[in-house]
Asks: 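Below is a structure I'd like to ask you about.
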Protein chains: 2
Amino acid sequence: MNPMPQPNLMPTPEGQARNEEVFRTAASLMVQRGYAGTSMGDLAEAVGMTKAGLYHHIKSKQEMLFEILQFAMNVMEHEVIEPTRGIADPEQRLRNMIRLHVRVLFKHGLELTLLFPERRHLEPPQQEIIWQRVDRYQGLLRTSMRELAEQGKLRELDINVAASHILQTIAGIARWHPQGRGVAEALLAEQTVNFNLSAILKDS
Amino acid sequence: MNPMPQPNLMPTPEGQARNEEVFRTAASLMVQRGYAGTSMGDLAEAVGMTKAGLYHHIKSKQEMLFEILQFAMNVMEHEVIEPTRGIADPEQRLRNMIRLHVRVLFKHGLELTLLFPERRHLEPPQQEIIWQRVDRYQGLLRTSMRELAEQGKLRELDINVAASHILQTIAGIARWHPQGRGVAEALLAEQTVNFNLSAILKDS
DNA sequence: ACCTACCTACCGATCGTTCGGTAACATCCC
DNA sequence: GGGATGTTACCGAACGATCGGTAGGTAGGT
């Protein structure tokens, strides 16, 4: 076993595209079947190569999951957290966080919260890394709700419970409303934004 | 292979208790690790018998999952749907459905919605049976919201989307707030009821 | 000559499940 | 009372299949 295999130093454009396909297909299969329910044989068949061929693109199954979750968090940070952190009005910030989060789900097929429980298959240090990144996102939700409370706009509620409820409604979109199943993405985003903001705001 | 093995005709009280322990422990492990991530060896070790010993209590791993989901639906129907179906006021009906649902989660440790995705490991006819039972529950949610709409009390929203959001907030309780983790069960139930009803009602 | 992107063949380990068995207990008959 | 018979609740060993992964290799491109 190569203790510290290096990624390929000079991937070709085709190789890079194949690498991305491997990870995208892996994420998609693991959302449907779970991490342990998806074999490397399944993945190899889905991308049209052998199991051995996969190991040219990945270090291990577990490392692949870790990279998928890291990538998903990268997307969340770049496409949800960073664009909204600077919004001064906490209500607008929350609306935009939820709207952008739903869009990320559709754009990348990254059902992060559906893969999130699969974090249990990682080694503890990797689990901790992912947990901290997820918690930073939740922290922004909680901070925004605290600001709303300070403005007298928040209903009487437990902010931690509300934060988890908000994340669950978003997670549920990937499960209950897969792409192309009748409800438009924009409608779904707005329904989710309105559902959650009506739940937490006094005058709404 | 015995094509139609019969359950034991005359289990002893101790045997019956062991049988129930096998199923309870299996449900608990599968919530934590997933169906495919939980081996029969894991389960045997957890209940203190060999793998072969398990097969005295169960027909197969897959059949065991099916029975666990059936049992969970039985509990849902007896402890949530039946007690609330007869409530005339749709708002009170919804409040009680959500409250009782949360209580069932704590009482039975039945994180139904956390095990629900594991339905994919069943054979299609069994999947269909479970799906129909779950959909009946959702149907009561949708019916209640339609009645609220007829009374002019429902916000402008997509009832299907709202129904899935409501179920997701309940599902999230088992994930984010396991028993004994700081938030009291009664508080959690009321927070969840209020979150959801605030989300869907006009004047709240 | 060297590198990338694969492949075949194979490895040790684990999987779900069964086979053939045992210990303990209950029942029946002599 | 004791032996024979049957049942329940398990067990050790083993099975065929699949698992994640590697060794050694090849074709094609630079």
Asks: Assign each of A:Ala52 and B:Leu54 to its nearest nucleotide of DNA chain D by heavy atoms, then name whichever residue's nucleotide is nearer the 5' end.
Replies: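 With A:Ala52 and B:Leu54 compared, the 5'-side residue is B:Leu54.
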
Asks: Considering just the side-chain nitrogens and oxygens of A:Tyr55, establish if one lies under 4.0 Å of OP1 or OP2 belonging to D:dG21.
Replies: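 Looking at the OP1 and OP2 atoms of D:dG21, one of them is under 4.0 Å from a side-chain N or O of A:Tyr55.
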
Asks: Among C:dC19, C:dT4, D:dA9, which nucleotide has an atom closest to any side-chain atom of B:His56?
Replies: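 Nearest nucleotide to the side chain: D:dA9.
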
Asks: Checking contacts here: which listed nucleotide (C:dC6, D:dA9, C:dA5) is nearest the side-chain heavy atoms of B:Pro11?
Replies: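 Of C:dC6, D:dA9, C:dA5, D:dA9 is nearest to the side chain of B:Pro11.
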
Asks: Which residues in residues 36-48 of chain B have a heavy atom closer than 4.0 Å to any atom of DNA chain D?
Replies: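 Result for residues 36-48 of chain B: none.
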
Asks: Could you tell me how far apart A:Lys61 (NZ) and D:dT18 (C1') are, to the nearest whole angstrom?
Replies: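 To the nearest whole Å, that distance equals 12 Å.
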
Asks: Within the sub-3.5 Å range, which N or O atoms of nucleotides 21-29 of chain C have a protein N or O partner, and how far apart are they?
Replies:
none

Asks: Using the salt bridge (charged side-chain N to carboxylate O under 4.0 Å, His left out) criterion, which residues pair with A:Arg146? Sequence neighbours excluded.
Replies: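 Result, salt bridge (charged side-chain N to carboxylate O under 4.0 Å, His left out) vs A:Arg146: none returned.
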
Asks: If you look only at pairs with a residue in residues 80-92 of chain B, which of them pass as a side-chain hydrogen bond (donor to acceptor under 3.5 Å, both in side chains), with sequence neighbours excluded?
Replies: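 Counting only pairs at least two positions apart or across chains, the side-chain hydrogen bond (donor to acceptor under 3.5 Å, both in side chains) contacts touching residues 80-92 of chain B are B:Glu91-B:Arg95.
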
Asks: Out of C:dT17, C:dC6, C:dT18, which has the shortest distance to the side chain of A:Met49?
Replies: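 Shortest atom-to-atom distance from the side chain points to C:dC6.
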
Asks: Can you pull the salt bridge (Lys or Arg N to Asp or Glu O under 4.0 Å) pairs that have at least one residue in residues 27-39 of chain B, sequence neighbours excluded?
Replies: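 Passing the test, one end in residues 27-39 of chain B: B:Arg33-B:Asp42.
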
Asks: Both distances under 3.5 Å, Watson-Crick or G-U wobble: report the partner of D:dT30, or none.
Replies: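 Per the H-bond distance test, C:dA1.
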
Asks: For A:Met10 and C:dA5, give me the distance from atom CE to atom P, rounded to whole Å.
Replies: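 Result: 10 Å.
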
Asks: Check whether more than 12 heavy atoms from other residues, nucleotides or ligands sit under 6.0 Å from atom CD of B:Glu45, and answer yes or no.
Replies: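 Check fails, neighbour count at 12 or below.
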
Asks: Salt-bridge test for A:Glu77 and A:Arg133: reply yes if a basic N is under 4.0 Å from a carboxylate O, no otherwise.
Replies: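 Judged by the 4.0 Å cut-off on N to carboxylate O distance, A:Glu77 and A:Arg133 do form a salt bridge.
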
Asks: Excluding sequence neighbours, so at least two apart, what forms ring pair (Phe, Tyr, Trp, His ring centres under 6.0 Å) with B:Tyr137?
Replies: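 B:Tyr137 satisfies ring pair (Phe, Tyr, Trp, His ring centres under 6.0 Å) with B:His101 once adjacent residues are dropped.
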
Asks: Within the 4.0 Å heavy-atom criterion, would you say A:Thr50 contacts the bases, only the backbone, or no part of the nucleic acid?
Replies: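 Contact class for A:Thr50: base.
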
Asks: We want to know whether B:Glu79 and B:His108 form a side-chain donor-acceptor pair, criterion being a heavy-atom distance below 3.5 angstrom.
Replies: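 B:Glu79 vs B:His108: donor-acceptor pair found between side chains.
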
Asks: Taking 4.0 Å as the cut-off, does a side-chain nitrogen or oxygen of B:His57 come that near to OP1 or OP2 on D:dC10?
Replies: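 B:His57 to D:dC10 OP1/OP2: side-chain N or O found under 4.0 Å.
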
Asks: Please report the distance, rounded to the nearest Å, between CD in A:Glu14 and P in C:dT4.
Replies: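 Rounded to whole Å, this separation is 14 Å.
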
Asks: Separation of A:Gln62 atom CD from D:dG21 atom C1', in whole Å?
Replies: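 In whole Å, D:dG21 C1' lies 13 Å from A:Gln62 CD.
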
Asks: Distance check needed: D:dG21 P versus A:Lys59 NZ, whole Å only.
Replies: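 That distance rounds to 10 Å.
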
Asks: Given B:Ile200 and A:Phe195, is the side chain to side chain contact (heavy atoms under 4.5 Å, CB included) satisfied, shown in steps?
Replies: CA-CA 7 Å; B:Ile200 66 172; A:Phe195 185 96; 3.8 Å; yes

Asks: Does the side chain of B:Arg18 get closer than 4.0 angstrom to OP1 or OP2 of D:dC10 through an N or O atom?
Replies: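 So the side-chain polar atoms of B:Arg18 do come within 4.0 Å of the phosphate oxygens OP1 or OP2 of D:dC10, strictly under.
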
Asks: Is B:Arg120 salt-bridged to B:Glu118, cutoff N-O under 4.0 Å?
Replies: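 Here B:Arg120 pairs with B:Glu118 in a salt bridge, since their nearest N and O are under 4.0 Å apart.
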
Asks: Is the phosphate of D:dG21 approached by A:Lys51 (side-chain N or O, under 4.0 Å from OP1 or OP2)?
Replies: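 For D:dG21, neither OP1 nor OP2 has a side-chain N or O of A:Lys51 closer than 4.0 Å.
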
Asks: Hey, is B:Arg18 close enough to B:Glu21 for a salt bridge, meaning N to O under 4.0 Å?
Replies: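 B:Glu21 and B:Arg18: salt-bridged.
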
Asks: Does a nitrogen or oxygen in the side chain of B:Ser60 sit under 4.0 Å from OP1 or OP2 of C:dG16?
Replies: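 So the side chain of B:Ser60 is outside the cut-off, no N or O lying under 4.0 Å from OP1 or OP2 of C:dG16.
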
